[in-house]
Amino acid sequence: MEYDFRKIEQDWQKKWKDNNVYAVSNESAKPKYYVLDMFPYPSGAGLHVGHPLGYIASDIYSRYKRLKGFNVLHPMGFDSFGLPAEQYALETGQHPATTTEKNIATFKAQLDKIGFCYDWEREVRTSDPGYYKWTQWIFLKLYDSYFDEKENKATPIVELIKSFEKEGSATHNSPLTTHTFTAEQWNAFTKKEQEDILMKRRLAFSKYGEVNWCEALGTVLANDEVVNGVSERGGHPVVKKKMRQWYLRITDYADRLLAGLETVDFSDSMKEMQRNWIGKSEGAEVTFKVVNRESSGVSAELTTHHSPLTVYTTRPDTIFGVDFMVVAPELDIINEITSETQKAAVDEYVAYVKSRSDVDRMAEKKITGCFTGAYAINPFDGKEIPVWISEYVLAGYGTGAIMAVPCGDERDFKFAQHFNIPITNIIGSHYTGEEANPTKEAILENSGFLNGLLMKDAIGVALNKIEELGIGKRKVNYRMRDAGFSRQRYWGEPFPIIWSDGIAIPLDAEELPLELPHVDTYGPGPEGEGPLANIKDWVDVGRNTPDGVFNTNTPQGVFLQEGRRETSTMPGYAGSSWYFLRYMDPNNANEFCDRKASDYWNQVDLYIGGTEHAVGHLLYSRMWTKVLYDLGLIGYDEPFKKLLNQGMITGVSEFIRQLIIDRDLIDSNKGFQRVLDFFVQGKQVSIKIPFGRGNNHIYVSQDVNFEFVLQTIDNSNSLSVVKSNYWEHHAKIKFINQSPEKSILNIDEWMQEEPVYENSVLICKNGYWLSGVYHDFEGNVINQKLEFLTRSVNEKMSKSKLNTHNPDDLVTKYGADTFRMYEMFLGPVETSKPWDTKGIEGVHRFLRKLWRLFNDDIKGPIWTTAPSSSLEENENSSKPGAAAPSPLEFPSEEKGRGEARGGEVATDAELKVLHRTIKKIEEDTERFSFNTAVSAFMICVNELADMKCNKKEVLEKLLILLTPYAPHIAEELWNQLVNSGSILDAEYPAFNAALLVESSKEYPVSINGKLRTNLTLALDIDQKQVEELVLQNEIVQKWLEGKDPKKIIFVKNKMINVVI
RNA sequence: GCCCAUGUGGCGGAAUUGGUAGACGCAGCAGACUCAAAAUCUGCCAUUCGCAAGGGUGUGAAGGUUCGAUUCCUUUCGUGGGCACCA
């Protein structure tokens, strides 16, 4: 009987579904285990082979735990709000809800084909109103809470209000509440004044923040929609703009997020990344007086005095080495301190910085800055320190200003060098003048009262002095900032907030969900608001009620006359911050999750997902969990007990390049010959380019040392085409081989990112890409040359890169079991690797070989073609090397299959193979080393096949081991063998160590660390006996050359090393 | 620029705590079976010198620690991912 995987998989998938075998109950006598995958965004491209990598791993582990007797929750759902669907809607007019629905159906069908053990009854979708009702509800909890610094936890804000009403700001003052007030004052404040103060304390709050603003598109852009300072779509300028936004006060949780890391099982690198993101540092804020000095004459005078400048530093010990100050260009204080003479330069520089994207500011190695004309006064020695502004200092961190110590800080050093600022050396010989040295081990020099102190000791001394003089104070700082929580977009959760007279009024819980209204267009609203702003009827509440009055009573009892809905929506991470809770109780209409359910399932025991979420999603969901815990809504404050990071499967992306030449240049240079010369690995290649035809562009690829030259006919003039004149597009390229010498480049598809270059001409278009075939000027097909016309690179799979690979084809061709095992066999789950299908045959062969252990003659060369049913019942192993018997002879000669499988007792050797495999598979599965587990299965099957072992006692246990990895074939063979029950609930075989006990061991013998021979020794041998035996060995004698060994190292069960 | 990861045959990878580098699979080569193909089976397969026995070299590179290093340390180069230039 052949291994008909298609039929087997289809049949069992149907049977499993019909029998509801994956349904999970919230009540069970078994211990619970919760395995969670990071749920996918249902992209239009469908599932690609990178998705299942983690899903297969979690599925294997879930099934393994089930066999081990656990009640396992292993759900799946969809992170179905997000920008791509909205972008697609903009382009095609299709509603995101429609396309999302369609995409989810595709995803589910694809997932089911791979045979995952999901309980689909528990599916969640973040864009489902039944789900986002509770996202909005939790948002309101955040809004209605503040962080009590004494209790170190989230607390309902009514408590704060009560306290304000009773005792003013006395008990609950915080740095965020800028002024203090008495109870009387509080009660006398207007509603607006009160709300403004409260807004500064809420965990979800609104304030002004900077966004990437694109005037031409009338919209706010995400960082990755901005390329080279212009919008990705259209190439329009992008500037920073202040707009009202919502934030989550995650910074209040910084310490607990740090402390919580100690309690969870994440990889060290993951914890490190989160720690770095949170970026706790201890230092001081120090205040410097600022003066101006007009540089009008030799006898320069200090003219004006300004408000002081406060800097944050972690190295107060270096305060005597401060040679200049740098202020972030965004800071308002700049206007105040800038001198008349420097004003123009400063304004210009500020404008320049405003035009720079964050990405640019990051990638730029160029040093820029501008002197303000102001000087700060060192409080210790009165030294005048020039105050500069530069984009390398960020407004959002610390005070937005630094004291620069060039001898100790690399960036400060480069800045000083670039602008010729004299450098003070305070660390003696530790500073070479060539580069900065950030040591803490130097003895301080030129440092006033700190002279002679070791730097790390001086930190405390300086801090004390600073506090003593009242010029500053100790300060703990976090680099993490509060999380932006609003997006000016459509396809997200609407905020359950109404604005009235500048006061945010939350909806009542009964009014949730606030459903996302239908829109006709997905373009931005006025003033950069989201598309929701265009729906007047929805936005303006209060006008539509019969009496013209909106009558929501807020918790504060405000009677609203008129209001305007918040038109932003929540970001992608809103829904994903708590979805693991909803799976526990997915259909609850009254609560986000029944407390009984969340207590039963408790934390996620194993969470599998990619490292790209290291700091975003993981920190947000950890924070939400802590808030829910603080408010008494769940019983634990870390969501994920263990995190396993799956590596990325990368795909090969190919590019074509679009060459853009300035139209004016071409028009005025009609003499240009249409030749493009370029050099690839030193070789010059020419392609003749026609122009003059409309719509001209050529697609070529980028390569190293690659340069285009347009030349005039007489070679007297040439035009170099520099890199910025290219536009590179992801593309799908096929080389069609027509003959060995000729291959034709065919572009199947390419991503046109619509660059708008109004003053450019695109050279050589479709006329010369006839039907996807590239022709040169004479109309000849260009063949071999095209190989280097494309560039390819391995990168993260995504639809927009056109490098995705779909699992369906492979599942159809080889079956789900093969596909599952192959993805695991590729390598460790944690490492990223390029996608390649060439090893899949080997895994498929393995499953067929396994199948033959049960269903075929072991050596059988031709039985797969013998269809007789009597054969199936009577086949058996023939002798190795013996010619295959003809079907007719077979039954009379050999034992029946059932007898052979059931009747014999397994030999010691066979049991040894089995138990070695049990041990290996169990260990490997436990440590998520699925690739080595697959290879252990292969070894086991190879060995059993060599022994011609087809005994039930051995095989049925092997099947159970295999079930998590290849459930379909395991279930099929299990039923052939045993005929009762499902293997999914079989009992995991116990490992018997006694079967593997050996009496001797073959030791490698090295001489001076180099392996020379082997010695088989008894297990209980001691050092002395070993030395004797080793010295007797003739190979050892040969290498000793008559000398005595210096030492003989014997490590029991490991090795022997003779040192000469 | 910063943070994290990673680098082993032609390829994917193995070596679990510092102890025989290259398990398992792919590809390749040789052979068996076959009219032939497919399927299956057997053998070889890091590199170099050698007929062989047996040596030399070898885990991105250079140093170091150790009886012994793919594994630990320092420096350095390449690649992938992330980023908010974090003082």
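Note on naming: letters A, B, ... go to the chains in the order of the sequence lines (proteins, then strands), and numbering restarts at 1 for each one.
Rounded to whole Å, the P atom of rG10(B) lies 15 Å from the corresponding atom of rC49(B). Taking atom C1' on both rA21(B) and rU16(B), the two are 16 Å apart, rounded to the nearest angstrom. Taking atom C1' on both rU20(B) and rA27(B), the two are 27 Å apart, rounded to the nearest angstrom. Spacing of P atoms, rG12(B) relative to rC85(B), comes out at 36 Å, to the nearest Å. Distance check on atom P: rU75(B) versus rG80(B) gives 23 Å, rounded to whole Å. Comparing the C1' positions of rC72(B) and rG81(B) gives a spacing of 26 Å, expressed to the nearest Å. On the C1' atoms, rC11(B) is 32 Å away from rG63(B), given to the nearest whole Å. Look at the P atom in both rA15(B) and rG7(B): the space between them is 12 Å, to the nearest Å.
Of the candidates rA87(B), rA21(B), rG81(B), rA87(B) carries the atom nearest the T313(A) side chain, counting heavy atoms from C-beta on. Out of rA27(B), rG81(B), rG19(B), the shortest distance to the side chain of K1054(A) is found at rG19(B). Closest to the side chain of R852(A), from the set rG13(B), rU16(B), rU40(B), is rU40(B). Comparing rU16(B), rA27(B), rC83(B) by their closest approach to the side chain of W277(A) singles out rC83(B). Considering only the side chain of L394(A), rC85(B) comes nearest among rU40(B), rC85(B), rG81(B). Of the candidate nucleotides rA84(B), rC26(B), rC86(B), rC26(B) has the atom nearest to the side chain of K838(A). Ranking rC67(B), rG25(B), rC83(B) by closeness to the V1059(A) side chain, first place goes to rC67(B). When each of rA87(B), rA23(B), rC26(B) is scored by its nearest atom to the side-chain atoms of I402(A), the top-ranked nucleotide is rA87(B).
Atom-to-atom, CE of M1055(A) to C1' of rA69(B) comes out at 13 Å; the value is rounded to the nearest Å. Rounded to an integer number of Å, the gap from CZ of R927(A) to P of rU17(B) is 8 Å. Atom P of nucleotide rC2(B) and atom CG of D409(A) are separated by 11 Å, given to the nearest angstrom. For the pair Y822(A) OH and rG12(B) P, the interatomic distance rounds to 11 Å; values are reported in whole Å. Atom CG of D946(A) is separated from atom P of rU42(B) by 6 Å (rounded to the nearest Å).
In this structure, rC2(B) and rG82(B) make a Watson-Crick or G-U wobble pair, each of the two defining distances being under 3.5 angstrom. Under the Watson-Crick and G-U wobble criteria, each requiring two contacts below 3.5 Å, nucleotide rG7(B) is paired to rC77(B). When both distances must be under 3.5 Å, the Watson-Crick or G-U wobble mate of rA32(B) is rU40(B). Across all strands shown, rA27(B) remains unpaired; no Watson-Crick or G-U wobble contact has both distances below 3.5 Å.
Heavy atoms of M480(A) sit under 4.0 angstrom from at least one base atom. At the heavy-atom level, I939(A) lies under 4.0 Å from the strands shown only through sugar-phosphate atoms. Counting non-hydrogen atoms under 4.0 angstrom, N1057(A) reaches a base of the nucleic acid. Nucleic acid contact class of L826(A) (heavy atoms, under 4.0 Å, all strands): sugar-phosphate only. Nucleic acid contact class of Y312(A) (heavy atoms, under 4.0 Å, all strands): base. Residue-level contact check: N942(A) touches the backbone only, with heavy atoms under 4.0 Å from sugar-phosphate atoms and none from bases. In this structure, K1046(A) reaches neither bases nor backbone, as no heavy-atom distance under 4.0 Å exists between it and the strands shown. Among the heavy atoms of the strands, none lies under 4.0 Å from K271(A).
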What pairs of nitrogen or oxygen atoms, one from the protein and one from nucleotides 55-57 of chain B, lie under 3.5 Å apart?
{"from": "rG56(B)", "atom 1": "OP1", "to": "R1012(A)", "atom 2": "NH2", "distance (Å)": "3.2"}
{"from": "rG56(B)", "atom 1": "OP2", "to": "R1012(A)", "atom 2": "NH1", "distance (Å)": "3.3"}

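The phosphate of rC41(B) (OP1 or OP2) has a side-chain N or O of K849(A) nearer than 4.0 angstrom. For the OP1/OP2 pair of rC41(B) and a distance below 4.0 Å, the side-chain nitrogens and oxygens of R848(A) include no atom meeting the criterion. Between R411(A) and rG1(B), a side-chain N or O to OP1/OP2 separation shorter than 4.0 Å is absent. Between Y397(A) and the phosphate of rA87(B), there is a side-chain N or O to OP1/OP2 separation shorter than 4.0 Å.
Interatomic distance, Y965(A) OH to I921(A) CD1, rounded to the nearest 0.5 Å: 5.5 Å.
With respect to K456(A) and D317(A), no salt bridge is recorded, no charged nitrogen being found less than 4.0 Å from a carboxylate O.
Taking the side chain as every heavy atom from C-beta outward, H48(A) and W835(A) never approach each other to under 4.5 Å.
Of the two residues contacting RNA chain B, namely I1056(A) and G398(A), the nearest-nucleotide position lying further toward the 5' end is that of I1056(A). Taking for each of N276(A) and G400(A) the nucleotide of RNA chain B with the nearest heavy atom, the 5'-most of the two is the partner of N276(A).
A donor atom on one side chain and an acceptor atom on the other are found under 3.5 Å apart for Y397(A) and S281(A).
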